[in-house]
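Order of the sequence lines sets the chain letters (A, B, ...), proteins ahead of strands, with each chain counted from 1.
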Amino acid sequence: MSEPTYTASEMMIVVAAHMLKGARTVFVGVGLPNMACNLARSTVAPDLELIYESGVYGARPERLPLSIGDPTLVSGAICVVSMADLFGLYLQRGLVEVALLGGAQIDRYGNLNTTVIGDYRTPKTRLPGSGGACEISINAQRTFMIMRLKRRAFVDKLDFLTSPGHLSGGDSRARLGLPGGGPELVITDKALFNFDNPNREMQLSALYPGVTVNEVQAEVGWPLRLAETIEEADAPSAEELRLIREELDPHAMYR
Amino acid sequence: MSEPTYTASEMMIVVAAHMLKGARTVFVGVGLPNMACNLARSTVAPDLELIYESGVYGARPERLPLSIGDPTLVSGAICVVSMADLFGLYLQRGLVEVALLGGAQIDRYGNLNTTVIGDYRTPKTRLPGSGGACEISINAQRTFMIMRLKRRAFVDKLDFLTSPGHLSGGDSRARLGLPGGGPELVITDKALFNFDNPNREMQLSALYPGVTVNEVQAEVGWPLRLAETIEEADAPSAEELRLIREELDPHAMYR
Amino acid sequence: MKNPPKTDKLVSMQQAIATYVGDDCSVAIEGFTGFISFAAGHEILRQRRRNLTLIRMTPDLIYDQMIAAGAASKLVFSYMGNPGVGSLYCIRRAVEKSIPRPLDLEEYSHYGLVGRYAAGASRLPFFALRSYVGSDMLAANPLIKVIDDPYGTGKIAVVPPLNPDVAILHAQRADRQGNTHLWGLLGMQKEVAFASRHVIVAVEEVVDEAVIRADPNRTMIPGLIVDAVVHEPYGAHPSYVQGYYDRDNESYLAWDKLSQDPTAVEAWLDEWVYGLANRAAYVKKLGQTYFDKLKPEPLLAPSVDYGRYR
Amino acid sequence: MKNPPKTDKLVSMQQAIATYVGDDCSVAIEGFTGFISFAAGHEILRQRRRNLTLIRMTPDLIYDQMIAAGAASKLVFSYMGNPGVGSLYCIRRAVEKSIPRPLDLEEYSHYGLVGRYAAGASRLPFFALRSYVGSDMLAANPLIKVIDDPYGTGKIAVVPPLNPDVAILHAQRADRQGNTHLWGLLGMQKEVAFASRHVIVAVEEVVDEAVIRADPNRTMIPGLIVDAVVHEPYGAHPSYVQGYYDRDNESYLAWDKLSQDPTAVEAWLDEWVYGLANRAAYVKKLGQTYFDKLKPEPLLAPSVDYGRYR
């Protein structure tokens with residue numbers, strides 16, 4: 001097949017933006033998620049306000065933020081509060097509609113590991129840890145994962161469960177009384193997954209242009225479940241690519 | 001004896017001010033307590049900062065505040081915070097050295113009633129209730145009561161225990177784990193009382209000029225305990241009276 | 001739960017009350033001593049709401065008036081007094097003599113009621129505080145419990161969350177989305193706003209969103225949780241708004257006398273509430289010169305620099 | 001406890017560290033991404049403190065440097081990364097390979113560590129939060145517990161209070177008593193300040209008490225709980241101070257490379273920490289023009305009127 005006229009990152013950004021259609025609030029990190037949210041606000045979610053765990057609600061960054069604590073997120077924001085208030089009054093209160101998360105490992109139920117590779121006490125690789133991810137995954141109304149599809153990341157068993165997804169599947173999350181709805185989507189660079197089945201198990205729901213089911217299965221560490229109908233995701237529109245390249249990321253930091 | 005050259009209120013203010021010697025923080029209401037604190041700051045406690053339950057630390061009122069929520073307490077204060085922070089970070093944290101309290105009824109252990117006269121469900125008189133007094137009496141390092149000496153106020157048994165003092169005396173307060181030290185002084189218009197005995201029972205410690213023990217006992221609803229030595233309190237000095245009359249209360253609102 | 005859409009929320013107090021305050025609602029008109037939306041309380045009376053549960057740390061004159069008018073069946077509070085003046089006689093008549101009707105009381109200390117708002121605001125099952133132990137308030141209110149600290153340090157009191165149907169708050173300025181700047185006594189406004197199912201914000205000035213975004217640390221209530229914005233100058237009179245007007249203490253003293261006589265209270269309500277169409281009429285009736293006397297001299301805070309980062 | 005007396009608390013960073021930070025202390029140099037007192041961290045290294053328990057939600061470069069220097073035996077944290085860049089390699093060497101010495105970890109989520117500060121700040125035996133249930137973090141840290149809600153709504157996680165020996169915080173301005181104005185990201189500074197036994201405040205500007213009193217809602221830390229005030233311009237570099245300077249991202253990127261080589265780290269510490277007398281020397285070495293490039297254009301908040309009430 002011919003080379004795509006867009007990068008994998010651009011496709012992830014565009015797919016994520018589509019999924020934010022109509023959303024009012026999103027809890028977001030830097031990099032791709034931040035780009036996706038800004039693209040969504042300029043297209044399908046004009047009322048979307050960005051919430052950062054650093055204490056910012058309604059950011060209007062004049063540049064691409066270098067971190068979730070970037071001062072550009074403060075200047076011109078609607079509201080900047082203590083982290084106690086951000087986590088208590090916004091996240092735990094249930095005001096976060098969508099949270100975008102990622103991790104080093106994800107399992108078939110959307111549970112995430114951002115803590116260690118190997119044993120917790122004697123790790124092979126020490127990862128950053130939870131940050132706000134544990135409480136975000138528990139309290140956000142809906143959670144989207146954004147991760148590159150790699151076999152070492154899509155594992156049969158996590159080395160450490162940092163952030164609860166659908167736990168052991170079915171109603172196991174609800175039985176523990178977790179207030180948020182849990183994982184809804186996994187947005188990768190090759191395909192899109194959802195959890196729309198009674199077992200709340202990750203299933204392939206859409207392939208990106210030119211990607212096959214086998215290519216996807218090859219990167220997933222368990223027998224992949226397929227949705228009843230697998231759609232082909234639309235490629236980025238010219239206008240979406242223009243927004244990303246000319247307005248959101250003119251210096252190509254995230255491509 | 002000859003008429004005193006000062007009022008009972010002035011005497012109460014002056015005695016209370018003396019007792020604040022060297023204090024750094026005081027939790028205060030309006031009226032006499034407010035006057036006493038301002039007098040103390042201009043005399044024996046230059047570092048004294050006033051804390052109000054309305055959320056004000058370090059007030060510098062340009063007029064006599066009409067209530068603890070007076071806007072004059074805000075303008076020029078060091079810090080104005082939410083009531084959650086005032087009660088949590090200042091009072092409960094243990095930063096309040098002295099709290100000044102009063103009530104409709106007080107018993108021999110310095111317990112206070114500001115809730116009802118008569119039965120709680122069918123009260124003869126419905127009083128304002130606790131406000132912050134319950135947690136103030138529990139958390140302040142030291143508590144001073146400022147009340148006029150009246151038999152209907154100094155009762156053998158409270159109709160309702162709103163704010164814990166030394167409870168049933170002895171170590172009963174410590175046994176419940178209340179962090180603050182509890183009542184130390186009762187400042188009245190006729191005499192001064194403390195609790196400096198193992199039973200933590202209110203005892204007469206000083207008489208104001210011209211007042212006799214019998215006059216005091218006549219206004220107390222239980223057999224009054226006497227300190228080993230009963231002192232005579234000093235009358236207000238000319239300078240103290242000048243400060244009160246010319247600077248703190250020029251319009252004689254509290255005399 | 002669904003966040004209210006980002007639309008222009010500017011409405012009249014009449015519309016706001018008609019939309020969000022029904023009979024049998026639990027209503028919290030909050031603000032400690034200042035920022036009290038008397039305008040909202042009076043509009044609720046004009047709309048003849050009944051059987052309300054009124055929630056306020058310090059009921060103040062506004063609830064004394066609403067209870068005298070028979071609008072409430074229950075009061076949740078922590079200090080029932082005319083601040084700096086004395087008693088609230090109408091509430092006392094309801095409690096002591098069931099006039100004009102009986103009034104249930106649910107009583108807390110200040111910190112306890114703040115804690116109930118705080119727990120409700122952050123979806124917590126309880127708020128822990130060092131209070132109540134040793135007090136008869138525990139027996140008077142079974143909702144207040146004492147538990148063992150799970151870390152073994154002893155006993156600690158807890159109160160459950162409180163989530164009013166509607167909170168009504170007055171502030172200096174907000175934009176049309178309800179993003180609200182508040183300065184002065186911050187009281188419990190943030191907590192009660194986040195705790196309530198609906199929020200009505202009344203302000204002295206409606207400003208452009210840019211004014212709010214120019215000082216994000218000053219934003220106490222985000223439009224995200226606000227349902228209605230009402231432009232109501234002097235809407236907190238006779239209480240005060242920091243920097244805009246002083247408390248009208250004469251009115252508080254006058255009420256202390258007047259409220260001891262039920263007939264005088266009825267006459268007052270007829271003249272100042274039922275006899276007027278809205279707050280604008282109330283302000284007109286008192287006259288601008290009356291309010292000019294309540295205006296403090298300016299005392300401006302020094303500006304701060306947030307910096308442009310691009 | 002005794003409140004510190006109201007005296008002039010302005011001292012040098014050298015004096016402040018010598019007085020309040022000893023070997024074996026628990027130290028919290030806080031501030032989320034910005035306001036990080038690198039000046040304090042470097043002075044602690046110059047004074048060769050050992051066996052410290054370092055507490056910080058996001059250890060950042062400053063703790064990577066201090067741990068590389070062997071000053072710490074334990075780290076309490078909630079996110080261990082070079083913000084927006086990648087790993088903290090020195091900390092990883094300590095954890096994965098015990099280089100230069102073993103490092104105990106005590107780990108929380110952000111809200112959990114914020115909660116520990118908040119409980120410590122208000123003398124509460126615990127802080128309740130909706131987190132951890134279902135996560136392996138519960139097993140990894142036995143201090144985190146899950147209890148039954150006393151009102152019967154289900155399970156809830158709790159964390160115990162945290163009271164560091166000393167908190168070191170950088171802000172825009174304070175007076176000589178330590179009354180501190182802070183704007184921008186408020187992070188956890190208020191909570192950790194009230195939670196700690198001693199507080200050192202370092203500021204860009206020392207101002208008159210009147211400046212603080214002119215905007216009391218902006219005061220995040222009262223002098224009442226402050227032990228030492230240090231005038232330390234650019235003391236947070238390479239992190240930022242809102243309105244004063246930007247994050248020096250080049251330094252963060254450079255550290256990402258440099259820190260992967262222990263010898264390079266030692267050389268860096270020799271040149272930029274041990275080889276310099278104090279922060280002023282560090283600023284002089286980089287040069288004013290270097291810092292001028294980090295200064296944002298001004299973006300002033302609109303003033304507010306508190307009003308004079310007399």
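- The contact between R310(C) and chain D is made entirely by side chain atoms (from C-beta outward), counting heavy-atom distances below 4.5 Å.
- Among L124(C), L300(C), T153(C), L299(C), the residue making the largest number of heavy-atom pairs under 4.5 Å with chain D is L299(C).
- Counting heavy-atom pairs closer than 4.5 Å to chain D, the top-ranked of the candidates R173(C), H181(C), K295(C) is R173(C).
- The main-chain N or O of S303(C) is never found under 3.5 Å from a side-chain atom of S303(D) such that the two would form a donor-acceptor pair.
- When all heavy atoms of P296(C) and R308(D) are compared, the pair lying nearest together is CB-O, 3.3 Å.
- For K145(C), the salt bridge (Lys or Arg N to Asp or Glu O under 4.0 Å) test picks out no residue, with sequence neighbours left out.
- Ranked by heavy-atom pairs under 4.5 Å with chain C, the list P298(D), G152(D), P160(D) is led by P160(D).
- Note: M220(D) CE to N217(C) CG = 6.5 Å, rounded to the nearest 0.5 Å.
- Across all their heavy atoms, V211(C) and P302(D) have their closest contact at O-CG, 4.0 Å.
- Shortest non-hydrogen contact noted between R218(C) and Y306(D) is NH1-OH, 3.4 Å.
- Among A214(C), P216(C), S122(C), the residue with the largest count of heavy-atom pairs under 4.5 Å with chain D is A214(C).
- The shortest non-hydrogen separation linking G243(C) to Y309(D) is N-OH, 2.8 Å.
- For V207(D), no part sits under 4.5 Å from any heavy atom of chain C, backbone or side chain.
- Top candidate by heavy-atom pairs under 4.5 Å with chain C, chosen from Y244(D), F126(D), W183(D), is W183(D).
- Scanning all heavy atoms of the two residues, the minimum distance from D305(D) to E297(C) falls at OD1-O, 4.4 Å.
- Residue F127(C): no heavy atom, backbone or side chain, is found under 4.5 Å from chain D.
- The candidate from A128(D), A119(D), G154(D) with the greatest count of non-hydrogen atom pairs under 4.5 Å with chain C is A128(D).
- Using a 4.5 Å cut-off between heavy atoms, L185(D) makes no contact with chain C at all.
- At least one donor-acceptor pair closer than 3.5 Å links the side chain of Y151(C) to the backbone N or O of L143(D).
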